[in-house]
A.B. asks: 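Please see the structure below; I have some questions.
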Amino acid sequence: MTSPRSPITKAVIPAAGLGTRFLPATKATPKEMLPVVDRPAIQYVVEEATSAGLTDVLMVTGRNKRPLEDHFDRNYELEEVLRAKGDEGRLSRVLESSALATVHYVRQGDPKGLGHAVACAEPHVGRQPFAVLLGDDLIDPRDPLLTRMTEVREQHGGSVVALLEVDPSQIHLYGCAGVEPTGVDAVVRVTGLVEKPERADAPSNYAVIGRYVLDPAVFDVLRETEPGRGGEIQLTDALQTLAGDPSRGGPVHGVVFRGRRYDTGDRADYLRSIVRLACEREDLGPDFRDWLMKYVNGEMREIE
Ligand code: G1P
């Protein structure tokens, strides 16, 4: 186990999924680039990482990586056009994404699951603790989850997962953690993990959501982790090994998240996320909320 105090500067973002739930939109565009109001979903995730002090970002991509690379790079032609027009507002928005972080890319090649994607980060991460952020979960910046998770890692060492209490009928959609209290509110010790259990087999209703702070020992464990649920190498299974044997890489703790989370994982959740975020925006919110109220109340004329 690395020293609990080793600073965490690296974030790993798996982005190799095929996005099949959004076809045909994702036929030629990575799902991470789908807009959430006016920014691609992936930008929210990178912003969250940098707000937590993680300025070195590694994206684990697949064959569709070009638009991601372009988004976090400069676009001089567009910048020139906006500058010539004196459109400073849009210019700064275009520059924003290229200045956020140092973004690196590695290809996953054969997509063999989340555990495999994380294992692909090892040459870049080395023997340092690091964070993993999954793009389907957007965490509201007003409820900083990663910062709390890095504090828990500093205190206890080992690895930290983010947990959400879900209705038991939903637990089969997530990794599920068996937990015991630590005496600190919203921090639990993880005693075991199981990937997407049937409701009857779930050790709790604590679901793992897509934020992890990991000890580099996870790489050693992943190397020997056999394919699990769905024939894929599961990060949950590697964490189960670590939780069961803390001598390998320290304990596993959970931070129970009670803040605002936007799930962009499937079409209905994606639409809900956009509506919620648009309603809360200072620039768009007031008009959009008015329109939405009328729409929902059936007060609209056809042409509005
Ligand atoms: C992945 C993980 C799962 C976790 C989920 C959170 O599953 O394997 O343990 O609960 O992310 O979003 P996926 O949703 O990618 O199938």
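Here, residue 1 is the first one in the sequence, and each next residue gets the next number. Counting starts at 1 for both ligands and their atoms, following the listed order. From a predicted model like this one, the values you see are computed outputs, not experimental measurements.
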A.B. asks: Near Tyr174, which atoms of ligand 1 are under 4.0 Å from a heavy atom of that residue?
C.D. replies: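 That gives atoms 10 (O) of ligand 1.
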A.B. asks: Pull out every atom of ligand 1 sitting under 4.0 Å from any heavy atom of Gln234, numbered as shown with elements.
C.D. replies: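 So the answer, numbered in order with elements, is 8 (O).
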A.B. asks: So which protein heavy atom does atom 11 (O) of ligand 1 come closest to, and at what separation?
C.D. replies: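 Here the nearest protein heavy atom works out to Leu134 CD1, 3.4 Å.
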A.B. asks: Between ligand 1 and Ile209, is the shortest N or O to N or O distance under 3.5 Å?
C.D. replies: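 In fact, backbone or side chain, Ile209 has no N or O that close.
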A.B. asks: Going by the order shown, which atoms of ligand 1 are within less than 4.0 Å of some heavy atom of Thr236?
C.D. replies: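 Counting from 1, the qualifying ligand atoms are 9 (O).
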A.B. asks: Is atom 9 (O) of ligand 1 in close reach of the protein, with a heavy atom under 4.0 Å away?
C.D. replies: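 Yes, there is one.
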A.B. asks: With ring pair (Phe, Tyr, Trp, His ring centres under 6.0 Å) as the rule and sequence neighbours excluded, what pairs involving residues 178-199 come up?
C.D. replies: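 Residue pairs with at least one partner in residues 178-199: there are none.
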A.B. asks: Between the side chains of Glu151 and Gln155, is a donor N or O closer than 3.5 angstrom to an acceptor N or O?
C.D. replies: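 Glu151 vs Gln155: no donor-acceptor pair found between side chains.
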A.B. asks: Please list all pairs meeting ring pair (Phe, Tyr, Trp, His ring centres under 6.0 Å) that have one or both residues in residues 111-141, counting only residues at least two apart or in different chains.
C.D. replies: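 Only His104-His124, Phe130-Phe219 qualify under ring pair (Phe, Tyr, Trp, His ring centres under 6.0 Å).
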A.B. asks: Looking only at distances, can you tell me whether any N or O atom of Glu195, backbone or side chain, sits closer than 3.5 Å to an N or O atom of ligand 1?
C.D. replies: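 Looking only at distances, the answer is yes, because the N/O contact criterion of under 3.5 Å is met.
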A.B. asks: Salt-bridge test for Arg153 and Asp215: reply yes if a basic N is under 4.0 Å from a carboxylate O, no otherwise.
C.D. replies: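 Looking at Asp215 together with Arg153, the answer is yes, because their closest N to O distance falls below 4.0 Å.
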A.B. asks: Minimum heavy-atom separation for Gln108 and Gly113, please, with both atom names.
C.D. replies: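 Smallest heavy-atom distance, with atoms named: NE2-O, 3.3 Å.
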A.B. asks: Going by the order shown, which atoms of ligand 1 are within less than 4.0 Å of some heavy atom of Gly175?
C.D. replies: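 Ligand 1 atoms under the 4.0 Å threshold to Gly175: 3 (C), 4 (C), 9 (O), 10 (O).
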A.B. asks: Would Glu232 and Lys196 pass as an ion pair if we require N to O under 4.0 Å?
C.D. replies: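 The answer is no: the pair does not qualify as a salt bridge.
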A.B. asks: Heavy atom of Asp137 under 4.0 Å from ligand 1?
C.D. replies: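 It does, in that a heavy atom of Asp137 comes within the 4.0 Å cut-off of ligand 1.
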A.B. asks: Below 4.0 Å from ligand 1: does a non-hydrogen atom of Lys196 turn up there or not?
C.D. replies: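 A heavy atom of Lys196 does come that close to ligand 1.
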A.B. asks: Tell me, with the steps shown, if Val208 and Leu235 meet side-chain contact (heavy atoms from CB on, under 4.5 Å).
C.D. replies: CA-CA 11 Å; Val208 176; Leu235 180 59; over 6 Å; no
A.B. asks: Is there a side-chain contact between Glu122 and Arg127 (heavy atoms, below 4.5 Å)?
C.D. replies: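 A side-chain contact under 4.5 Å exists here.
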A.B. asks: Given that the side chain starts at C-beta and the backbone is N, CA, C, O, which of these parts of Leu173 lies under 4.0 Å from ligand 1, counting heavy atoms, or is it both or neither?
C.D. replies: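 For Leu173, no heavy atom sits under 4.0 Å from ligand 1.
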A.B. asks: In the protein, which heavy atom is nearest to atom 5 (C) of ligand 1, and how far is it?
C.D. replies: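 In this structure, atom 5 (C) of ligand 1 has Val208 O, 4.0 Å as its nearest protein heavy atom.
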